[in-house]
Amino acid sequence: MREPAFMIAAPGSGSGKTLITCGMISLLKKKGYKPRAFKCGPDYIDPMFHRRVLGIPSRNLDTFFTGKEMTRALYQQPEENYNHDISVVEGVMGLYDGLGGIKEEGSSYDLADKLRIPVILVVDAHGMSRSVIPLVSGFLRYDREHLIKGVIFNKMSEKVYKMIEPLVRSELGISPVGYLPVSKELRFDSRHLGLKSPDEIGGLSESLDNLARILDKTIDLQELIRICDMAESLPVYGFQVKNITGDSKVRIGVASDEAFSFFYEDNLRMLRAAGAELVPFSPIYDDILPEGISGMIFYGGYPELHLPALSRNLNMINSIRSAIKNGMPVIAECGGFMYMHDVIEDDNGAEYKMCGVIHGKCKNMGRLVRFGYVNIEEKERRFLGDSERIKGHEFHYFDSTDNGISCIVEKPVSGSAWDEIKVGPVSWMGFPHIYYPSNPEFVYHFIEEAMRYDGSSGR
């Protein structure tokens, strides 16, 4: 299998990867191409920006989560109701930054190598001119597979670019693909967990259109397409999810609003393929849970930004509490896990009552509590099967007075481990974000338990 593709990577975070990725996707669309997008690593917000430009979901690819063959299989899966002709992959952090900051696994470079796609390096050139040459040269010397095929300079003027362009060709031997000039309008605002979500940025559609117009003048699209065609052929990898429900579907409610919006698209795909009909609902706006559901999922997000609204919606809180009391299967991770608690305390010390399923309190610790990849193993086998692990990621400033003790959670590089997560026969609640393709048994167990739920008086 072979298709045109490229990765946008950078020397480090804050270089403008997401901005330029979105601009390139928009530009390709305007020129008649049908791009699709991926994000390297466990990031939720960047794919939201991709989706805003594309109109279809963007997906995550991560070599730590799924290794070589599964990652390639996920990459090769077609998009639903969309025939793409080019793939755009946005890198994470710096090009070579992987597990623990020292390993290649999980890095943008590792993903580009596994997919055999060319890399275009985005360099923040603010305050630089010729100094960009040795900077890029250092990255090229580290590129053992010769994947870096081009460079785009962010925050560079047209005058400086015209001086630098011939030096890139003669001294580096790679393609100067173009530049993006400095502009106060061309930026995405951030908060403690990363970029603000697209819905929080006013005039985003107009900004993206403006970005595409600028790149149309400053990017050599013909050279970009030439680089895309350097993507190599891959063997065809199959990935089949078991349909647990047969011809029928089991309805699963998925919390989805401003407070709960962090999810992996491939998690949702796997749930649907296993037989779930996913029914979105809002813990902020809806009065009760959707009718006829047999399970609930609460993914992460920013519940801390919506505490008054969540706490006021007592009808929804009571509906959730009653369903769980009656034995409805539930998954709650990170922000969803926080929502299950008795109380969340805001930054001013005010306490807001939540679902009361977990008898504890969550509060902002003013620092990163846990961050990075984790391997998770149950102490009592329920969701994962015998001697099975699932992989996930943590990134949160809040902590709980009751994080649970049902699983052993281990850092993959240091080997440090701790007890965490609250697991019951039909419930999984904890801070780690779980990536289902790393262990499909997790999905199968949840769907099977949802099929057994009858909603009358429990199990």
Side-chain angles (χ1 to χ4, degrees), residues 41-45 47-48 60 62 64-65 193-194 252-271 276 278 280-281 283 295-306 310 320 323-324 328-341 344 354-355 357-358 360 362 368-378 382-384 389-400 402-410 418-424 426-443 445-447 449-450:
D43 185 289
Y44 295 103
I45 297 176
M48 295 181 191
N60 298 73
D62 192 303
F64 167 71
F65 283 157
L193 293 184
I252 303 295
V254 180
S256 181
D257 57 24
E258 299 94 315
F260 306 101
S261 58
F262 293 177
F263 57 85
Y264 296 119
E265 181 63 28
D266 279 311
N267 281 6
L268 302 185
R269 281 191 173 201
M270 183 169 281
L271 286 163
L278 302 182
F281 70 95
M296 297 179 290
I297 301 178
F298 299 85
Y299 288 125
Y302 289 120
E304 65 269 29
L305 301 181
H306 306 278
L310 290 169
I320 292 168
I324 293 175
M328 182 180 290
V330 59
I331 296 170
E333 59 182 44
C334 207
F337 172 63
M338 291 164 56
Y339 181 54
M340 292 296 107
H341 282 67
I344 300 178
M354 296 289 129
C355 291
V357 175
I358 298 172
C362 290
L368 268 175
V369 178
R370 286 180 292 279
F371 169 72
Y373 291 111
V374 291
N375 291 309
I376 301 168
E377 184 176 347
E378 291 178 309
R382 282 171 169 156
F383 275 71
L384 302 181
R389 286 183 166 190
I390 196 165
K391 296 183 178 183
H393 183 267
E394 292 198 52
F395 186 10
H396 53 95
Y397 285 73
F398 277 73
D399 204 359
S400 166
D402 185 6
N403 284 305
I405 58 171
S406 300
C407 297
I408 300 170
V409 180
E410 180 186 69
W418 59 93
D419 293 340
E420 194 179 357
I421 306 175
K422 300 176 75 68
V423 181
V426 300
S427 62
W428 177 288
M429 304 183 193
F431 269 116
H433 296 282
I434 307 301
Y435 191 68
Y436 300 167
S438 69
N439 190 335
E441 290 297 327
F442 184 90
V443 172
H445 177 83
F446 180 69
I447 297 296
E449 292 298 338

Phe262 vs Tyr302 aromatic rings, parallel, tilted or perpendicular, using cut-offs 30° and 60°? perpendicular
Is a donor on one side and an acceptor on the other found under 3.5 Å between the side chain of Asp419 and the backbone of Ile408? no
How far apart are the closest heavy atoms of Cys362 and Ser400, and which atoms are they? SG-CB, 3.9 Å
Are Lys391 and Tyr373 in a cation-pi setup, meaning NZ or CZ lies under 6.0 angstrom from the ring centre and within 45 degrees of the ring axis? no
Considering non-hydrogen atoms only, spot the tightest contact between Ser256 and Pro283 and give its length. N-CD, 4.4 Å
Please find the pair of heavy atoms, one from His445 and one from Arg382, that lie closest to each other, and give the distance. ND1-O, 2.9 Å
Sub-3.5 Å donor-acceptor pair from the side chain of Glu333 to the main-chain atoms of Ile434, do we have one? yes
I'd like to check Asn60 versus Asp266 (side-chain heavy atoms, cut-off strictly below 4.5 Å). Are they in contact? no
Does the side chain of Glu420 reach to within under 4.5 Å of the side chain of Phe431, using non-hydrogen atoms? yes
Specify whether Phe298 and Tyr339 have parallel, tilted or perpendicular ring planes, treating 30° as the upper limit for parallel and 60° as the lower limit for perpendicular. tilted
Are the side chains of Ile297 and Trp428 in contact, using a 4.5 Å heavy-atom criterion? no
With a 4.5 Å cut-off on side-chain heavy atoms, are Val409 and Arg370 touching? no
Would you call the rings of Tyr397 and Phe395 parallel, tilted or perpendicular, taking 30° and 60° as the class edges? tilted
Regarding His433 and Tyr44, do their side chains bring together a donor and an acceptor under 3.5 Å, going by distance alone? yes
Side-chain contact test, heavy atoms from C-beta onward, threshold under 4.5 Å: evaluate it for Asn267 versus Pro437 and give yes or no. yes
pair Glu378-Leu384: side-chain heavy atoms closer than 4.5 Å: yes
